[in-house]
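Beneath this line is the structure, given in structure tokens, with notes to follow.
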Amino acid sequence: MVKVLGISGSPRKGNSQFLLEQALEAARAVSPGKVECTPYTLRGKKFAPCVSCFRCGEQGGECVLKDDFQELRDLWVAADVVIYSVPVYHMGVPGQLKCFLDRLGNSLFGRYRHLFPAGVDSLPKLLKVVGAIAQGVHLCSGQEHTITDLVCHALILQCIPVTGDMWQSYIGAGGWTSNDIARDALARQAEAGEADAAVLVKAARDVGRRATEIALVLREGGRVLRDTLRADPAYLPFLERLGCADPTTAGGGSGAEPGAGQGTD
Ligand SMILES: Cc1cc2nc3c(=O)[nH]c(=O)nc-3n(C[C@H](O)[C@H](O)[C@H](O)COP(=O)(O)O)c2cc1C
């Protein structure tokens with residue numbers, strides 16, 4: 001089963017949520033019954049900013065701040081695909097999401113430190129597929145900066161950012177609400193067949209679909225190459241997600257056990 005986590009980065013149920021639903025619907029359609037989508041919204045959640053104590057580096061990645069971070073981190077760690085759908089705030093990522101990303105990044109160093117030799121600060125090759133959707137009220141008002149921030153987040157965490165399809169999506173899905181601040185602006189405009197909203201919906205769906213397709217490819221490739229990858233501890237969290245980190249358990253060894261290198265679950 002491919003696990004797709006969709007994160008709406010808005011504090012309201014609005015345009016980000018609408019585009020996320022489009023992306024997740026397209027993700028599910030890639031392989032019906034074999035894609036599990038978990039929608040998550042930052043609405044009503046609390047993510048305090050990192051306090052730079054660096055304790056997460058010493059205590060297995062546990063953050064000293066207790067709020068909604070832990071729940072979303074666990075969903076993030078378990079996911080094969082993460083789709084972010086965010087409003088542009090001040091030409092960038094909304095603060096609440098930035099708080100989550102800052103804490104996630106640092107805490108993962110602590111979480112996976114045991115995989116590497118003493119003194120080596122590194123991150124495993126998590127190989128999650130990351131797609132980004134960003135929309136703002138104005139045209140050309142921070143969408144690409146925002147998507148770039150999310151692409152950089154994917155890169156630093158050893159994940160794989162994907163675009164949608166040409167020509168609607170060069171680095172992700174970016175668009176605008178045509179100067180309308182209403183939470184249902186894009187849904188209304190798409191329903192009315194307005195061109196910019198239609199392009200944005202297509203781009204969001206493409207991002208969801210492509211991210212899921214690439215995750216399927218990675219799962220199959222990981223299974224085929226598992227014996228080789230197992231020799232490098234940086235791949236262990238990825239192999240654990242595939243259920244083949246341990247050569248002694250079912251599905252973990254080399255050879256032709258059921259589903260190995262063939263199934264998509
Ligand atoms: C604090 C704040 C900052 C914003 N900054 C921008 C901006 O820099 N560029 C832009 O196009 N829209 C900006 N907006 C507008 C939102 O991105 C826009 O209304 C978006 O559609 C909201 O998405 P939502 O419905 O998912 O909340 C801002 C809105 C807020 C509340």
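Keep in mind that the numbers below use all heavy atoms, side chains included, and drop hydrogens, waters and symmetry copies. Counting starts at 1 for both ligands and their atoms, following the listed order.
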When you look for protein heavy atoms under 4.0 Å from ligand 1, which residues do they belong to? S10, R12, G14, N15, S16, P87, V88, Y89, H90, M91, Q135, G136, V137, H138, S141, T177
Going by the rule side chain to side chain contact (heavy atoms under 4.5 Å, CB included), which residues pair with R188 if we only count those two or more places apart in sequence or in a different chain? D180, A182, D184, A185
Applying the side-chain contact (heavy atoms from CB on, under 4.5 Å) criterion to S169, which one of V162, L200, T163 satisfies it? T163
Are F69 and F47 an aromatic pair by the rule of ring centers under 6.0 Å? no
Output yes when a side-chain donor or acceptor of E144 lies under 3.5 Å from a complementary backbone atom of G174, and no otherwise. no
Identify whether the distance between the nearest side-chain nitrogen and carboxylate oxygen of D67 and K45 falls below 4.0 Å. no
Hey, are S10 and R43 close enough side-chain-wise for a donor-acceptor pair under 3.5 Å? no
